[in-house]
Amino acid sequence: MVLEPGTDVPTIRATNQRGDAVQPAFEQPTVLYFYPADDTPGCTTEAEQFEEYAQQFADAGVSVYGVSTDGVASHRDFAEANGISFDLLADPEGRLSEAFDVPLVDGRSQRTTYVIARERVVAVYERVAPDGHATNVFEDLVDTGIIAAE
């Protein structure tokens, strides 16, 4: 069972595609999306669409992180091939998935997205369809007043 809205989020630390240790500050609005694997059609669509919104998220003060059980080298290649600028966090041992109660299927994170603010879960999206997900999340952030409309 995933973390429910209103739940305090755990403190996490992971390595991004550039080999940097990252500890997200969940005080500010954050989108943390778990995806199964780099270089698969659905995951590529999802990442590219989050990248299309990257500037709008950043302008609104929202951090975006992608997480999968792939390693740093895989994330680096995936980010370079698809022009991904936001952090992709490597979770090869499944520790982040476990911390956020994201189910692993055959060692891969089930597609789950968290919206976090003030160190609490604000919204959860489970088993999402990758195409259009970034748009839906952005629009929901505006509709709920977490970020201001442009």
Check: Where the side chain of Thr40 meets the backbone of Ala37, is there a donor-acceptor pair that is under 3.5 Å apart?
Finding: yes

Item checked: Taking every non-hydrogen atom, the tightest pair across Tyr114 and Leu3 -> OH-N, 3.0 Å

Next item on the list: Kindly assign one of parallel, tilted or perpendicular to the pair Phe100 and Phe34, based on the angle between their ring planes and the thresholds 30° and 60°.
Entry: tilted

Check: Considering all heavy atoms of both residues, which atom of Ala14 and which atom of Ala90 are nearest to each other, and what is their separation?
Finding: CB-O, 3.8 Å

Next item on the list: Report yes or no: does Asn16 contribute a side-chain atom to a donor-acceptor pair with the main-chain N or O of Arg18 at less than 3.5 Å?
Entry: yes

Note to self: Is there a side-chain contact (heavy atoms from CB on, under 4.5 Å) between Thr44 and Phe78? Walk through the geometry before answering.
What the structure shows: CA-CA 8 Å; Thr44 300; Phe78 181 58; 3.4 Å; yes

Note to self: For the CD atom of Gln49 and the CG atom of Asn136, what is their distance to the nearest 0.5 Å?
What the structure shows: 9.5 Å

Next item on the list: Flag yes if Tyr53 and Val137 sit in one hydrophobic cluster, no otherwise; membership is Ile, Leu, Val, Met, Phe, Trp, Tyr, and two members link when side-chain heavy atoms are under 4.5 Å apart.
Entry: yes

Checklist line | Closest approach of Pro130 to Gly42 (non-hydrogen atoms, all atoms of both residues) | finding: CB-O, 3.2 Å

Checklist line | Ile116/Leu32 under side-chain contact (heavy atoms from CB on, under 4.5 Å): CA gap, chis, key distance, verdict | finding: CA-CA 8 Å; Ile116 301 163; Leu32 183 71; 4.2 Å; yes

Next item on the list: Determine yes or no for a side-chain-to-main-chain donor-acceptor pair under 3.5 angstrom, with Asp38 supplying the side chain and His75 the backbone.
Entry: yes

Next item on the list: Identify the two heavy atoms, one from Arg13 and one from Ala21, that lie closest to each other, and give their separation to 0.1 Å.
Entry: NH2-CB, 3.5 Å

Check: In the single-linkage hydrophobic clustering (I, L, V, M, F, W, Y; side-chain heavy atoms under 4.5 Å), do Phe50 and Val122 co-cluster?
Finding: yes

Notebook entry, point to check: For the side chain of Gln17 and the backbone of Phe86, is there at least one donor-acceptor N/O pair under 3.5 Å apart?
Noted result: yes

Next item on the list: Answer with yes or no after comparing the ring centroid distance for Tyr33 and Tyr65 against a 6.0 Å cut-off, counting only values under it.
Entry: no

Margin query: Rounded at 0.5 Å granularity, tell me how far OH in Tyr35 sits from OG in Ser68.
Written below: 4.0 Å

Check: Taking a hydrophobic cluster as the set of Ile, Leu, Val, Met, Phe, Trp and Tyr residues connected by side-chain heavy atoms closer than 4.5 Å, whether directly or through intermediates, do Ile12 and Leu104 fall within one such cluster?
Finding: no

Next item on the list: Look up atom CG in Leu141 and atom CD1 in Ile147, then write down how far apart they are to the nearest 0.5 Å.
Entry: 4.5 Å

Next item on the list: Determine whether the side chains of Asp131 and Thr45 contain a donor N or O and an acceptor N or O closer than 3.5 Å.
Entry: no

Next item on the list: For the residue pair Tyr125 and His133, categorise the inter-ring angle as parallel (less than 30°), tilted (30 to 60°) or perpendicular (more than 60°).
Entry: perpendicular

Check: Can Thr69 and Asp91 be counted as having a side-chain donor-acceptor contact under 3.5 angstrom?
Finding: no

Note to self: Between Glu51 and Ser85, is there a side-chain donor-acceptor contact under 3.5 Å, judged purely by atom types and distance?
What the structure shows: yes

Notebook entry, point to check: Should Arg111 and Glu126 count as an ion pair when the cut-off is N to O under 4.0 Å?
Noted result: no

Margin query: Quick check against the 3.5 Å criterion: does Ser97 have a side-chain atom that pairs as donor or acceptor with the backbone of Arg95?
Written below: no

Notebook entry, point to check: So, the side chain of Thr144 versus the backbone of Asp140: is there a donor-acceptor pair under 3.5 Å, distance only?
Noted result: yes

Notebook entry, point to check: Taking atom types as modelled and ignoring hydrogens, do the side chains of Thr30 and Ser63 form a donor-acceptor contact shorter than 3.5 angstrom?
Noted result: no

